[in-house]
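To keep things clear, I will list the structure first and then write my remarks on it.
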Amino acid sequence: MAQRTVLAVLFEGVQSLDVTGPVEVFAGADLLSPGAYGIRTASLDGAPVRTTSGLTLVPDVSLATAPDPDILLVPGGTGSLRPDPRLVDWVREHGPRAARLVSVCTGASVLAAAGLLDGRRATTHWAYCDRLAREHPAVEIDPDPVYVRDGSIATSAGVTAGIDLALALVEEDLGRDAALTIARHLVVFLRRPGNQAQFSAQLAAQTAHREPLKEVQRFITERPDADLSVEALAARARLSPRHFARAFRSETGMTPGRYVDRVRLEHARRLLEDTADGIEEISRTSGYGTPEAMRRAFVKALGTPPAEYRRRFRTATTS
């Protein structure tokens with residue numbers, strides 16, 4: 001098997017974990033299967049760079065002398081939000097030459113600035129999705145997934161999502177067993193589905209300002225199996241359904257239906273991961289009513305049915 005070369009781009013203000021997380025995955029794969037990956041790092045001038053946490057990373061080579069890699073990794077960090085024009089020019093020229101072009105977190109901003117995401121679907125850290133969409137309207141931003149693959153380009157969300165994406169690439173190259181072994185050594189899941197939500201429903205939604213709406217949010221979280229129709233929730237808030245729906249979206253940033261869907265999915269995921277409860281019981285207590293309804297929701301949101309999700313992510317204590 002020919003060695004796949006991995007080149008991680010370094011720059012001032014890079015996020016260290018965006019580099020070291022994926023690199024550790026590829027390094028682990030190379031230990032498991034010697035010669036599978038050759039890993040190099042490069043900065044614009046070949047000089048050391050200071051990360052956002054204050055660590056200093058010393059590159060192997062300069063970008064000018066770096067050979068075109070099979071996998072080009074562009075990490076995020078504050079330095080990627082207003083990238084050096086020379087870095088953008090280099091990525092614009094060399095990115096399309098890589099068999100797989102990968103960004104981690106706000107590294108997607110560098111790819112977008114280089115015009116490589118135009119007309120493509122992509123993601124980034126949830127806190128920067130709106131900014132990326134605003135600055136690069138030709139890019140189709142999906143704020144929800146852990147990572148997105150569109151052709152030869154893959155973009156991932158914040159920090160640890162880069163590990164998920166790297167594990168997915170290793171699984172593609174070397175098989176599931178190899179990726180699982182690496183994940184176990186790193187003590188991470190193998191692997192969050194690419195379209196798994198970046199963050200919980202409670203984090204995704206803003207907290208409502210008015211107490212009736214706050215109380216409704218608490219009720220949804222505590223009773224996902226209740227009648228959570230707009231009409232029932234509006235009555236609980238003592239508002240008309242139309243007024244309630246408008247106020248809820250205004251104060252939380254999402255519709256009542258979307259919030260309910262996320263809470264139910266999160267509740268079901270937690271039970272699948274942490275309990276031995278049956279699928280039928282989980283579908284009932286999570287508000288889906290039937291296993292088939294829960295299966296449809298999981299496939300739509302996560303790309304995997306509940307049984308497969310449990311197989312991947314069930315904790316050892318519930319096995």
Side-chain angles (χ1 to χ4, degrees), residues 1-11 14 16-44 46 49 57-76 87-105 107-108 110-111 114-117 120-123 146-156 160-186 188-194 312:
M1 181 182 65
Q3 185 182 70
R4 298 172 177 85
T5 56
V6 179
L7 181 66
V9 176
L10 306 182
F11 47 83
V14 70
S16 58
L17 277 176
D18 288 1
V19 179
T20 58
V23 163
E24 288 292 346
V25 171
F26 292 120
D30 194 61
L31 285 173
L32 191 65
S33 182
Y37 296 97
I39 304 165
R40 306 281 278 174
T41 58
S43 67
L44 273 169
V49 300
L57 300 180
V58 180
D60 298 307
V61 295
S62 70
L63 287 175
T65 60
D68 289 328
D70 297 300
I71 300 173
L72 178 59
L73 174 69
V74 181
L87 175 62
V88 174
D89 290 342
W90 188 91
V91 170
R92 181 183 297 114
E93 178 182 354
H94 294 266
R97 300 179 187 175
R100 288 178 287 194
L101 178 57
V102 175
S103 71
V104 182
C105 196
V110 178
L111 303 191
L116 300 180
L117 297 183
R120 292 180 181 269
R121 180 169 165 260
T123 194
V146 171
Y147 60 83
V148 169
R149 300 186 68 177
D150 189 331
S152 62
I153 298 180
T155 52
S156 60
T160 56
I163 295 176
D164 293 297
L165 178 52
L167 284 168
L169 297 178
V170 168
E171 182 175 351
E172 185 177 289
D173 293 340
L174 304 180
R176 179 178 173 80
D177 288 346
L180 180 59
T181 298
I182 297 163
R184 284 172 174 161
H185 279 297
L186 296 177
V188 295
F189 288 127
L190 176 74
R191 57 186 164 76
R192 289 184 291 174
R312 291 185 181 187

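Under the ring-ring contact (aromatic ring centres under 6.0 Å, His included) criterion, Phe11 pairs with no residue at all, not counting sequence neighbours. Partners of Asp177 by salt bridge (Lys or Arg N to Asp or Glu O under 4.0 Å), not counting sequence neighbours: none found. Scored by the side-chain contact (heavy atoms from CB on, under 4.5 Å) test, Ala98 finds Leu72 as partners (sequence neighbours excluded).
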Only pairs under 3.5 Å count here: list side-chain donor-acceptor contacts from residues 34-41, not counting sequence neighbours, and write none if there are none.
| unit_1 | atom_1 | unit_2 | atom_2 | d |
| --- | --- | --- | --- | --- |
| Tyr37 | OH | Asp173 | OD2 | 2.6 |
| Thr41 | OG1 | Asp60 | N | 3.2 |
| Thr41 | OG1 | Asp60 | OD2 | 3.3 |

All N/O donor-acceptor pairs, side-chain side in residues 17-25, below 3.5 Å, sequence neighbours left out:
| unit_1 | atom_1 | unit_2 | atom_2 | d |
| --- | --- | --- | --- | --- |
| Asp18 | OD2 | Gly76 | N | 2.9 |
| Thr20 | OG1 | Ser16 | O | 3.1 |

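Counting heavy atoms from C-beta outward, Val110 and Val9 have side chains that stay 4.5 Å or more apart. Residues Pro96 and Leu116 have side chains in contact (heavy-atom distance under 4.5 Å, counting atoms from C-beta outward). Counting only heavy atoms from C-beta outward, the side chains of Val6 and Val102 never approach each other to under 4.5 Å.
Phe26 CZ to Leu167 CG: the interatomic distance, rounded to the nearest 0.5 Å, is 8.5 Å. Going from atom CG of Leu31 over to atom CD1 of Ile182 covers 9.0 Å, rounded to the nearest 0.5 Å. Between atom OG of residue Ser156 and atom CZ of residue Arg149 there is a gap of 11.5 Å, rounded to the nearest 0.5 Å.
Closest heavy-atom contact between Leu165 and Ala154: CD2-CB, 3.7 Å. Between Arg120 and Ile153, the shortest heavy-atom distance links the atoms NE-CD1, 3.4 Å.
Judged by distance alone, with hydrogens and angles left aside, the side-chain atoms of Thr123 form no donor-acceptor pair with the main-chain N or O of Thr155 at under 3.5 Å.
Listed by first then second residue, pairs satisfying side-chain hydrogen bond (donor to acceptor under 3.5 Å, both in side chains) with a partner in residues 61-71 read Thr5-Asp70, Ser62-Thr65, Asp68-His94, Asp68-Arg97, not counting sequence neighbours.
With Leu101 as reference, Leu111 is the one residue of Leu117, Leu111, Leu73 to meet the side chain to side chain contact (heavy atoms under 4.5 Å, CB included) rule.
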Does the side-chain contact (heavy atoms from CB on, under 4.5 Å) test come out yes or no for Leu87 and Val74, once each step is laid out? CA-CA 10 Å; Leu87 175 62; Val74 181; 5.9 Å; no

